[in-house]
Amino acid sequence: MDDPETRFTDLYDRHYRAVLGYALLRADRAAAEDVVGETFLIAWRRFADLPPEPLPWLLGVARNLLRKQRDSGIRAERLLAYLPVRTTPDVADQVTEREAALIVLAAMAEADAEALILTSWYGLTPREAAKIAGCAAGTFAVRLHRARRRLTEALRPRTLQEQS
Amino acid sequence: MIDDLVRSLRPDDVTEESHRARRADDLARAFAERPARKRPPTRLLAASGLLAAAAAAFVVFAPSTTVVTRPDPVPVGTPVLTARSVLLAGAETLERTRPEKGTYWHEKIRTFTSPLDGVTVASTAETWYDGRDGRIGATTDVRTTFTGDRAEKTWRAEGRPGLPEATKDQSFTGLVLAWGIGTKQVRQADLKKLPADRAALQKWLDDARPRGEDAGAFAFAAARHILTSPAPNATRATLLRILADQGGLHLDDDATDPVGRPGLAITDATGDHTLVVDPATATLLAYVYDGPDERPVDTPPGTTMIPIRQGTAYAYLESGWSDLPG
């Protein structure tokens, strides 16, 4: 396990999916895969200096590379295409709810959506996620709170009175 | 509940399939490059609340003030220092700094190179330059250090690579000092005229940036020249604001530069460029390059390009206006 190539391969296997998942928010699949490949190439060059828990660092590098993409916004149609298949009894309801959630996420301010995704997909602490988002922890907390509230409100079943 | 729902949107099917498809190629591409090397050591200070001192010093003290106080412990609720906040505070400090005046721009730089694994060659060079004339000091204090006997033996066996040419004190007669910033050849007069307007400076950087190079990484590479140059304080402040807006920055808040001065180390997202800044004065203490070795490129006749190699570091010992030494 001391061999750098073996340790790097382990790093790649542990984090590739997470970094790609993040890149797919902002790029089509081929472009996202290229960004992730580039991210790990940079990680190899810097392997001796990587922090002990490298995922936030990897996501930060990927984020910077994604900024160079011409169309790097979070797009609902793109996310819908990647929606994972779930085999549960109430498939139809779940798919509808998840599609609705994706559309709401894609429609909200990108920084807010990103805050929610970074914390729920990867279990990052607000401080770690704030570093990736390039903002202060306080700002990040506000974004996260706003995103949760908007999504909750958008998916809340409405009464007839509210709809009229 | 909401977090569970968002978690269920993670594209696990696609990432799993892609991992299988891309793994072999990605790893082969990485391993085709030289193995990663440790950066030149940056000694760490004992954790001491430097964080709070640094933040306060940027905001409160005049840049010429030397702050050597030991701060109180960080109180609960102290804002977290980020690379961005450090750079923005540095910009504010520079904007309050009264411009210096003088005839000759004086720079004293200690350069560290790593010609082989485990070998570091250090030397100091000094210039005084008014844009046309001045003096180039002799290269001094050349020292080679090794991580072990094996590295030293290899270095000797390979003919002691990396030692600087022994130079004598000389004038600038027949020489022009210019810096290569991307595609631009920049002289002292050009640096003095660099715009302070954000859009104009960004455009200048964009024009200088070689095609395909990352904008953030290029801004960091340019910063090492501009921040230690006679560029106006307002220009340098604007550059710090541009750097602050780059994504993926990493801050080491208790680093030291290669000559042991404490500072805040900010690394760009590619990891190739690190700037070590003095928090009290917003002065650039050092620049460390950890990207791939630059390749020599054709330059106009009569000029020489010195490509930068992985592991090179510059410690800016002195920079500012002065008279010629007696």
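Excluded from the calculations below are hydrogen atoms, water molecules and symmetry mates; all remaining heavy atoms, backbone and side chain alike, are included. In the text below, chain A, chain B and the rest are named by the order of the sequence lines, each starting its count at 1.
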**Item:** B:R209/B:D206 ion pair, N-O < 4.0 Å
**Value:**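 Here B:R209 pairs with B:D206 in a salt bridge, since their nearest N and O are under 4.0 Å apart.
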**Asked** Is a salt bridge present between B:R84 and B:D245, judged by a nitrogen-to-oxygen distance below 4.0 Å?
**Response**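 B:D245 and B:R84: salt-bridged.
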**Request:** Examine whether an atom of A:L105 lies under 4.5 Å from a heavy atom of chain B, and if so say whether it belongs to the side chain, the backbone or both; otherwise answer neither.
**Result:**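 Only the side chain of A:L105 comes within 4.5 Å of chain B.
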**Asked** Is any side-chain heavy atom of B:V6 less than 4.5 Å from a side-chain heavy atom of B:D3?
**Response**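 A side-chain contact under 4.5 Å is absent here.
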**Message:** Tell me whether the rings of B:H19 and A:Y16 are parallel (<30°), tilted (30 to 60°) or perpendicular (>60°).
**Reply:**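 B:H19 vs A:Y16 ring planes: tilted.
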**Request:** Using the test side-chain contact (heavy atoms from CB on, under 4.5 Å), find all partners of A:D34 that sit at least two apart in sequence or belong to another chain.
**Result:**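 A:D34: side-chain contact (heavy atoms from CB on, under 4.5 Å) contacts with B:R22.
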**Item:** Contact residues of residues 111-119 of chain A (partner chain B; heavy-atom separation under 4.5 angstrom)
**Value:**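 The list, in residue order, reads A:L116, A:I117.
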**Asked** Looking at B:L227, B:L275, B:T312, which hits side-chain contact (heavy atoms from CB on, under 4.5 Å) with B:Y287?
**Response**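 Option passing the side-chain contact (heavy atoms from CB on, under 4.5 Å) with B:Y287: B:L275.
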**Request:** Identify the heavy atoms of B:L239 and B:L201 that sit nearest to each other, and give their distance.
**Result:**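 Nearest heavy atoms, B:L239 then B:L201: N-CD2, 3.7 Å.
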**Asked** Among A:L20, A:V36, A:L59, who wins on heavy-atom pairs under 4.5 Å with chain B?
**Response**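 With the most close heavy-atom pairs to chain B, the winner is A:L20.
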**Request:** Look at A:G60, A:P51, A:S120 and state which one has the largest set of heavy-atom pairs under 4.5 Å with chain B.
**Result:**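 That would be A:S120.
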